[in-house]
2 protein chains.
Amino acid sequence: MGGFVNASENIKEAAKRVVGEFTGIDDIYLEQVGAYGDINRDVERVISIAYYALVDINKFDTSLAEKYDARWARINQMPELIFDHNQMVKDTITQLQRRASVKPIGFNLLCDQFTLPTLQSLYESIYQETIDKRNFRKKLLTMEILEKLDEKDKSNSKRGAFYYQFNKEKYDQLIEQGMHFSL
Amino acid sequence: MGGFVNASENIKEAAKRVVGEFTGIDDIYLEQVGAYGDINRDVERVISIAYYALVDINKFDTSLAEKYDARWARINQMPELIFDHNQMVKDTITQLQRRASVKPIGFNLLCDQFTLPTLQSLYESIYQETIDKRNFRKKLLTMEILEKLDEKDKSNSKRGAFYYQFNKEKYDQLIEQGMHFSL
DNA sequence: GCAAAAGTGTTTAAAATACACCCATGA
DNA sequence: TCATGGGTGTATTTTAAACACTTTTGC
């Protein structure tokens, strides 16, 4: 999705506004990918600044997007885009992968509580490769930034998977102590 | 240094042109840092796109820069800058550190031939920490992307240090095989 | 001969990886 | 009872980190 920057807003505010118009979500996590300004990329000269947003898909209302003719696409099955938009998507994925290995941005994509199998499949989507579940759980749990809850999610299995929640205070504390998060 | 994007050039070309005007170097390695557009960052509304350049300091003519009132500064002793330029410098260093750990960008900062002590002190500057020279050399040499030459650089010691050169073919080949470079 | 930088290996600790079985439960 | 996804531990390999002495040579 895209739009223009108004004179009265900074560029991140503009991006937030556009996302809000398309999705109805007004408090959203955004990170800048970069600026794109090939001279022949549009009829008129346009410089685009690309952002990616991390959205909790459960909270997402798709009807608004459809009004604007916006579509969901899987990254494996991306349609061909106009101008340098293919490059934008490619760069976005690269940056997402790099940042995901340094920051726990995965948690922005999920509800407050989530199961470990869900979190794992999220990371598998980001990195486009499978992860051993024992190693994944070990790594996460030894960081001690997750809190196990008592409830289970039974939507994916009969046994059910325990919910966890991200402990941001603990995380911030570890960062301050110079800990290098990596997944 | 800074300048404006002309209607007839893309944004990277504009950055190259500006660097050329300030330094006399017209073929330069540039990477984009990002776009900055706080609304109160200037008298008129300006959106800046920041780039960093990697320059072989030996080839650099400082007289041109001085004409434009541009100055060299050590990152440890940066003066306070206007608007959001401090943030730009901060982000640049962060990005440089991240990219340096993934790409052998260090080699763009040196002449074709360089000594290992020089390369090491370059990386020490980038990461702002000292590195054990035995571990550094081991890591680099086991990658087999450097070729030892017969000549020595005697400018820094009586004994002299052997020159090496970067083997880009070998490096590209390793990348293609899925090798993950990291320093 | 001595100061100053270049060069060289080994040992230890930590982190990543590979791998296979039992558990709980709804149908 | 059985099919399905959830959960658990250990052994091995790889990688990172710590560490000290010898070499060369211009002065």
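Quick note: numbers below take in every heavy atom, side chains included, and nothing from hydrogens, waters or symmetry partners. Each chain gets a letter, A, B and so on, in the order the sequences are listed, and its residues count up from 1.
- Open room surrounds NZ on K90(A); 12 or fewer heavy atoms of other groups in view lie less than 6.0 Å from it.
- Once you apply a 4.0 Å limit to the heavy atoms of chain A, the touched nucleotides of DNA chain D run 5' to 3' over dA3(D) to dT10(D).
- Of all the heavy atoms in I126(B) and Q97(B), the pair that sits closest is O-NE2, 3.0 Å.
- In the hydrophobic clustering (ILVMFWY side chains linked at under 4.5 Å, chained through shared members), F4(B) stands by itself.
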Scan nucleotides 4-13 of chain C nucleotide by nucleotide, 5' to 3', and note B when protein non-hydrogen atoms come under 4.0 Å of the base, S if they reach only the sugar-phosphate, - if neither. -SBBBBB---
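- One finds no salt bridge joining E13(B) and R17(B) here, because no Lys/Arg side-chain nitrogen approaches an Asp/Glu carboxylate oxygen to under 4.0 Å.
- Within 6.0 Å of CG on D132(B) lie more than 12 heavy atoms contributed by other residues, nucleotides or ligands.
- Considering only residues two or more places apart in sequence or on other chains, L81(B) meets the side-chain contact (heavy atoms from CB on, under 4.5 Å) condition with M78(B), P79(B), H85(B), N86(B), V89(B).
- For the side-chain contact (heavy atoms from CB on, under 4.5 Å) test, residues two or more places apart in sequence or in another chain that qualify with E124(B) are Q120(B), S121(B), T130(B), I131(B).
- When hydrophobic residues (I, L, V, M, F, W, Y) are linked wherever their side-chain heavy atoms come within less than 4.5 Å, the members clustered with Y163(B) are L149(B).
- In this model, the phosphate group of dG26(C) is approached by a side-chain N or O of K154(A) to a distance below 4.0 Å at OP1 or OP2.
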